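Structure first, commentary second.
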Number of protein chains: 2
Amino acid sequence: MEKENTYFGVKEIARRAKVSIATVDRVLHNRTGVSEKTKKKINDIIKELDYQPNILASRLASKKTINIAVFIPRVSPETDFWDAPLRGIRRAESEIKKYGVKLNTFFFDLNDKESFHKQAKLILDSGVNGVLMAPSFVEEATQFVGDCHKIKLPVTFIDSNVPEQTNITYIGPHLFRSGYVGAKLMTYRLKSDRKVLVVNISTETDNYNYIQIEEGFRSYFRDHDQANEIIRIDIKDTDQLSVAKHLTKVIHQHQEIEAIFVTNSRVFSVARFLQENNLTNIALVGYDFLKENIDFLKSNIIDFLICHKPEEQGYRGIMSLYQNLVLGSLVEKVHFMPIDIITKENEAFYQN
Amino acid sequence: MEKENTYFGVKEIARRAKVSIATVDRVLHNRTGVSEKTKKKINDIIKELDYQPNILASRLASKKTINIAVFIPRVSPETDFWDAPLRGIRRAESEIKKYGVKLNTFFFDLNDKESFHKQAKLILDSGVNGVLMAPSFVEEATQFVGDCHKIKLPVTFIDSNVPEQTNITYIGPHLFRSGYVGAKLMTYRLKSDRKVLVVNISTETDNYNYIQIEEGFRSYFRDHDQANEIIRIDIKDTDQLSVAKHLTKVIHQHQEIEAIFVTNSRVFSVARFLQENNLTNIALVGYDFLKENIDFLKSNIIDFLICHKPEEQGYRGIMSLYQNLVLGSLVEKVHFMPIDIITKENEAFYQN
DNA sequence: TAAATTTACGGGTACGTACCCGACACTTCA
DNA sequence: TGAAGTGTCGGGTACGTACCCGTAAATTTA
């Protein structure tokens with residue numbers, strides 16, 4: 001049961017180079033105070049032995065804290081969706097803070113790109129060791145990731161993905177399939193070939209995840225030769241009044257709408273509109289386990305909710321970064337969350 | 001940047017109990033040599049402080065090796081499928097052996113349940129700390145897991161799952177969906193409403209994963225109102241001669257078979273049969289990136305192969321156990337592998 | 001050329017836990 | 001009554017790395 005002694009550490013390197021452990025350490029962390037000659041000698045031995053530091057010992061001895069930036073939207077009075085990931089993040093924090101991991105939260109406002117920029121700059125200047133973020137603003141996030149890449153800062157996305165990003169990890173739903181599932185659920189309620197409305201309520205119209213979801217949604221209809229015409233609207237002002245205004249208009253224009261698919265958690269505002277206007281015969285499918293949404297689910301205004309375990313996304317996101325940082329690479333590029341279906345019948349048992 | 005000093009370790013416990021660290025340690029590992037009185041006092045303080053050991057330090061100081069049993073089928077001359085997971089397992093081993101993890105391999109013979117029993121007994125007696133296994137024999141695996149559960153031995157399944165097992169982790173495909181995908185691929189080649197044959201070549205007929213796959217397969221046909229009749233055969237003797245005999249018979253009985261779905265990696269033996277009997281107009285879909293399968297894929301005998309990244313399953317399986325054992329719980333109950341589709345066109349780029 | 005810096009390096013302690021090696025008191029038995 | 005055992009505990013070192021502090025040598029400066 002003895003541990004294999006085939007492992008070479010700093011001690012062995014020091015012995016071979018005929019220097020002290022401290023000097024080897026200086027080279028390893030390229031600190032000053034080592035002559036070029038001994039530096040080269042030590043580096044050669046490091047390469048020869050293919051030295052891999054013992055990260056357990058390293059973390060134990062280090063007084064430095066690992067700092068992880070959490071970069072997600074602020075929980076707003078409009079929608080408290082981001083409360084769930086934050087809970088998971090806090091849970092992860094309490095589990096690993098004893099190993100010297102500290103989280104710094106940077107919230108941005110979904111209605112204000114400038115707040116994203118500001119916080120992004122703060123993060124880059126704060127000297128953190130990793131970032132967990134929601135790439136809600138696609139373009140801005142892409143640029144931010146680029147900046148992180150330059151200084152070798154690992155980044156993990158949750159909630160939605162921006163493909164073709166190098167060096168990032170994604171933990172969240174397969175957005176296309178999620179939309180596909182949404183369409184399938186919708187067909188359970190479709191009784192005719194009348195129109196289907198896709199509603200995107202967001203200040204960001206070009207948001208990549210909504211596009212992916214909608215593509216999945218449309219794909220289902222194509223794949224299954226559903227004859228329903230799919231129309232879509234973007235509602236850029238997220239308050240209830242604007243939503244009502246837009247919906248009133250579109251429903252007047254297209255009298256034959258028999259079902260609505262909302263691409264995010266703001267389905268409750270559509271539900272509220274339908275309720276207030278007595279349009280309860282329109283099927284409604286949307287996203288996320290919010291209290292308001294559940295209420296409308298219970299009262300049959302919303303037919304289905306899709307949910308991607310947001311709390312677990314937060315928890316896993318932090319844990320993934322922690323493992324990445326503490327245990328070395330182990331890089332898992334993508335981890336898809338389940339696409340859970342919530343109905344009136346099973347909502348009581350749902351685990352976020 | 002200072003580490004939070006809110007953490008209480010053995011030192012603090014010792015101070016409060018007015019004993020030495022060694023005595024606290026004795027209590028923590030319930031070794032002998034502590035009076036009932038001090039034991040109780042120390043245990044009370046442990047509970048009060050909600051002491052969580054620093055696993056990093058613990059692993060570093062411990063001279064004990066973590067032993068993980070690898071319990072998978074032997075690579076047989078018939079099919080070298082299990083070579084891939086083994087490669088991933090070896091890769092994981094080389095990455096973590098420096099942290100005192102040792103793997104003990106126990107191979108069983110897929111044609112011999114007795115070999116499974118024998119090795120299972122060996123594992124239980126070997127005093128390992130965790131088990132990575134393929135539950136190829138469902139009933140036997142279930143019983144084995146029960147035994148492991150009694151002695152609190154964590155178990156991880158790869159390749160296929162046995163649901164409703166407590167305390168195990170599964171890393172592998174969503175079998176039902178995999179069969180569903182198989183059916184969808186099949187429809188690309190179906191030109192009429194003639195019969196579809198499902199072939200299960202295995203010494204184990206009641207193998208849970210084949211049943212799951214087949215259910216997924218049939219579900220697709222049901223969901224999409226495909227009129228094709230699905231017939232199935234079990235071939236319990238896996239040699240080429242037996243396969244040929246069974247196929248000859250079933251093809252005579254059902255003259256209208258236009259497609260065959262093989263539920264595991266032994267699709268090559270069906271391909272060989274089709275080739276030798278010039279039945280190349282029959283569509284063929286099966287599993288796994290084996291050299292023989294790829295050859296038949298290239299020569300158009302096999303139309304599609306489905307693959308679940310077996311190497312990665314092995315790698316992740318070990319890593320999951322390692323993290324579970326070293327970093328504490330972090331238990332991830334299920335991790336589904338992607339359901340990859342391999343065709344003649346993309347096989348050259350496939351990453352196992 | 002002596003003093004003041006700077007450069008280059010080693011000694012040694014700490015991180016939190018594991019565990020060996022005793023020490024001391026107390027009991028048992030011849 | 002003394003020796004041998006048993007139960008209970010503490011001191012101290014080790015794991016592999018990080019990093020503080022001190023010092024001798026080399027270099028610069030006066």
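Quick caveat: nothing in here was measured; it's all calculated off a predicted structure. Naming: A, B, ... by sequence-line order, numbering from 1 per chain.
- Distances shorter than 4.0 Å separate some side-chain N or O of B/R31 from OP1 or OP2 on C/dC19.
- The distance from atom CG of B/L60 to atom C1' of D/dG16 is 6 Å, rounded to the nearest whole Å.
- Protein atom CZ of B/F8 is 13 Å distant from nucleotide atom P of C/dT17, rounded to whole Å.
- Between the side chain of B/H149 and the backbone N or O of B/V145 there is no donor-acceptor pair closer than 3.5 Å.
- The salt bridge (charged side-chain N to carboxylate O under 4.0 Å, His left out) test applied to B/K118 returns no partner, not counting sequence neighbours.
- With sequence neighbours excluded, the residues that form a ring-ring contact (aromatic ring centres under 6.0 Å, His included) with A/F71 are A/F108, A/F116, A/F144.
- The phosphate of C/dA18 has neither OP1 nor OP2 within less than 4.0 Å of any side-chain N or O from B/S62.
- Shown here are the salt bridge (charged side-chain N to carboxylate O under 4.0 Å, His left out) partners of B/E311, two or more places apart in sequence or in another chain: B/R87, B/R91.
- For the pair A/N54 CG and C/dC15 P, the computed distance is 18 Å after rounding to whole Å.
- Between the axis at the start and the axis at the end of the helix from C/dT1-D/dA30 to C/dA30-D/dT1 there is an angle of 50°, using five pairs per end and rounding to 10 degrees.
- Applying the 4.0 Å criterion to OP1 and OP2 of D/dG16, one finds that B/K98 has every side-chain N and O outside that range.
- Looking at residues two or more places apart in sequence or on another chain, you find no salt bridge (charged side-chain N to carboxylate O under 4.0 Å, His left out) involving A/R74.
- Judged as a side-chain hydrogen bond (donor to acceptor under 3.5 Å, both in side chains), the pairs with a partner in residues 11-21 of chain B (not counting sequence neighbours) are, in order, B/E12-B/R15, B/E12-B/R16, B/S20-B/T23.
- Formation of a donor-acceptor pair under 3.5 Å by the A/N67 side chain with backbone atoms of A/N129 is not found in this model.
- In this structure, CD1 of A/I13 is placed 11 Å from C1' of D/dG16, rounded to the nearest angstrom.
- Shown for residues 16-30 of chain A: residues whose heavy atoms fall under 4.0 angstrom of DNA chain D, namely A/A22, A/D25, A/H29.
- Every residue two or more places apart in sequence or in another chain that forms a salt bridge (charged side-chain N to carboxylate O under 4.0 Å, His left out) with B/D147 is listed here: B/K150.
- Contact record, B/I123 with B/A69: CG2-CB, 3.9 Å, taken as the closest heavy-atom pair.
- Straight-line distance from the CD atom of A/E12 to the P atom of D/dT17: 12 Å, rounded to whole Å.
- Here A/R26 pairs with nothing under the side chain to side chain donor-acceptor pair (under 3.5 Å) rule; sequence neighbours left out.
- Distances shorter than 4.0 Å separate some side-chain N or O of B/Y51 from OP1 or OP2 on C/dT17.
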Using distance only, find each side-chain donor-acceptor pair of residues 44-55 of chain B under 3.5 Å and give its atom names and separation, not counting sequence neighbours.
| unit_1 | atom_1 | unit_2 | atom_2 | d |
| --- | --- | --- | --- | --- |
| B/D44 | OD1 | B/K40 | NZ | 3.4 |
| B/D44 | OD2 | B/K40 | NZ | 2.7 |
| B/N54 | OD1 | B/L56 | N | 2.9 |
| B/N54 | OD1 | B/A57 | N | 3.0 |

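- Within residues 32-46 of chain A, the residues having any heavy atom closer than 4.0 Å to DNA chain C are, in order of number, A/G33, A/V34, A/S35, A/T38.
- Every ring-ring contact (aromatic ring centres under 6.0 Å, His included) that A/F336 has, sequence neighbours left out, goes to A/H174.
- Computed from coordinates, the B/Q52 CD to C/dT17 P distance equals 11 Å when rounded to whole Å.
- Remark: C1' of D/dT17 and OH of B/Y99 are 12 Å apart, rounded to the nearest angstrom.
- Here the P atom of nucleotide D/dT17 and the NZ atom of A/K11 are 9 Å apart, to the nearest Å.
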